[in-house]
Amino acid sequence: MSQPANTLATLPGEELAEASNTSVALPDELHLRPVDGLPKWFGRRLASLFMRFVSMEEQRPRGLSSMLTPIAGYFRRDRHVHPSVDADTYRLEVTGTGEGGTFDLAALRALPFEDRVCVQECAGNGNHIMGSAGLCGQARWTGPSLETVLEACGGPGDATHFAFHGLDRIPLLKSGYHYGLSLEELRRARAIVAVEMNGEPLSRRHGFPARLVVPKIYSMSHVKWLSRIEGRTSPHMGIHNRLVFVNKEQRDGRWVRVQARWIGLKSAIQYCRRDRDGWLLTGCAWGGDAPIDRIEVTTDGGATWHEAQVITPDEHFARDAGLTSDDLKGAWALFTYAWRPHPGEYLVASRATNADGEVQRMEEDPNVRGHFNQTRVKWRRVVVPG
Ligand SMILES: Nc1nc2c(c(=O)[nH]1)N[C@H]1C(S)=C(S)[C@@H](COP(=O)(O)O)O[C@H]1N2
Ligand SMILES: [Mo]
């Protein structure tokens, strides 16, 4: 895939934003207003205050149009409780495997490390209530793979499922946060016990000293402040698995409860900034079973679609010997679209297609009900000044 060199060189946009300061009248960026959800009803400020109240902080849009989202301002979603873990007394306990085991931080850090670059996305990101799609980010996660940790504990043994427990005690619930996945899912996703984020030790708010990261699976499973890995011979059916992160799906005429899992095919225009004599729409595309192949952009409410320039994670990290293509399987692709509009109000959106020919949905799937895994095209309203 070939792009004009300037497009690649100027992401994520700091340089151009500064260069264009010479122009007097025009702003450096335009606000992309969601067309539904809290930001539409209450405005952006009140919406983000409300979200903070329920312990969500959205990612600023610029961090969603670069290959790695900076740690500062990286989105956050938890239950307000951020335990402060003492690195000296921290222990990770593994039970229900061949031999079981306990790791202090030094022992965990002594295991061979691997890297994953992947999207982290809250299962409810971009649903009808939130409207905006800021509960996501993309970082490089480093630490021993879950497979390595299990091997050091005699292999999975009889365990077919795992529950991951965090140190954040939640009032009224006996234990801390917990979430479970099957061994098959964890292997397919190439889960990792991350101790570093973008090359730095995990910060307290993102799970110091260790958290689970499961590429391609929604981030309710990315348990922070990880204290126990529990091997089981049956699925973990804790409250978050059973009741919290669930949708209803219609199967053979019956509505059944399903847990949030693999991230569906999505894209969104995230950021609009000045670009010489016009504007540059930038965003990302992720999810689905196959690599992102193309992204189209509409700036007229869907009447016409135009090819965007795509930068795949493989292209972006081509010279990074530390990352294999497999380590990038859960990473988003970036796109840019040079836009030369007249002043006015526009309805813009992006639509992704993957290598299997799957196209991002325009409407929600009528056989799915609930707040999770909403993959439909995300519309934004933007006013272009004169
Ligand atoms: N221990 C613990 N881990 C947790 C949570 C939590 O409340 N406690 N929230 C989960 C949810 S719902 C999401 S979306 C991600 C958010 O990760 P972040 O806060 O690092 O962005 O953490 C997950 N891991
Ligand atoms: Mo979440």
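Whatever order the structure lists them in is the order used to number ligands and atoms, beginning at 1. All heavy atoms count here, side chains included; hydrogens, waters and symmetry mates do not.
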Asker: Test your reading of the structure: does R205 have an N or O sitting under 3.5 Å from an N or O of ligand 1?
Answerer: no
Asker: Which residue owns the protein heavy atom closest to atom 7 (O) of ligand 1, what's the atom, and how far is it?
Answerer: R79 NH1, 2.9 Å
Asker: In this structure, does ligand 1 have an atom that sits under 4.0 Å from one of the heavy atoms of H178?
Answerer: no
Asker: For atom 24 (N) of ligand 1, which protein heavy atom lies nearest, and how many Å away is it?
Answerer: H222 O, 3.0 Å
Asker: Looking at E58 and G134, what are the two nearest heavy atoms and their distance?
Answerer: OE2-N, 3.0 Å
Asker: For ligand 1, which atoms sit closer than 4.0 Å to a heavy atom of D168?
Answerer: 1 (N), 2 (C), 6 (C), 7 (O), 8 (N)
Asker: For ligand 1, is there an N or O atom under 3.5 Å from any N or O atom of D78?
Answerer: no
Asker: Counting only nitrogen or oxygen atoms and a 3.5 angstrom limit, does H206 reach ligand 1?
Answerer: yes
Asker: Tell me whether K224 has any N or O atom under 3.5 angstrom from an N or O of ligand 1.
Answerer: yes
Asker: Which residue and non-hydrogen atom of the protein lie closest to atom 16 (C) of ligand 1, and at what distance in Å?
Answerer: R77 O, 3.5 Å
Asker: What are the two closest heavy atoms between V223 and H165, and how far apart are they?
Answerer: CG1-C, 3.8 Å
Asker: Do D115 and F113 come within less than 4.5 Å of each other through their side chains, counting heavy atoms only?
Answerer: no
Asker: Please write down residue, atom name and distance for the protein heavy atom closest to atom 21 (O) of ligand 1.
Answerer: F75 O, 2.7 Å
Asker: For atom 13 (C) of ligand 1, tell me which residue out of G207, A260, S219, C122 has the closest non-hydrogen atom.
Answerer: S219
Asker: Using the side chain to side chain donor-acceptor pair (under 3.5 Å) definition, which of the options D327, T69, D320, N198 pairs with R140?
Answerer: D320
Asker: Looking only at heavy atoms, what is the nearest atom pair of L202 and A194, with distance?
Answerer: CD1-O, 3.5 Å
Asker: Check each of R211, M197, M220 against atom 22 (O) of ligand 1 and report the one with the nearest heavy atom.
Answerer: R211
Asker: Check for me whether F245 has a heavy atom closer than 4.0 Å to any atom of ligand 1.
Answerer: yes
Asker: May I ask you to list the atoms of ligand 1 that are less than 4.0 angstrom from any heavy atom of W225?
Answerer: 1 (N), 2 (C), 8 (N)
Asker: Please say which of R116, R211, R109 ends up in a salt bridge (Lys or Arg N to Asp or Glu O under 4.0 Å) with E196.
Answerer: R109
Asker: Would you indicate whether the side-chain heavy atoms of W339 and H306 approach each other to under 4.5 Å?
Answerer: no
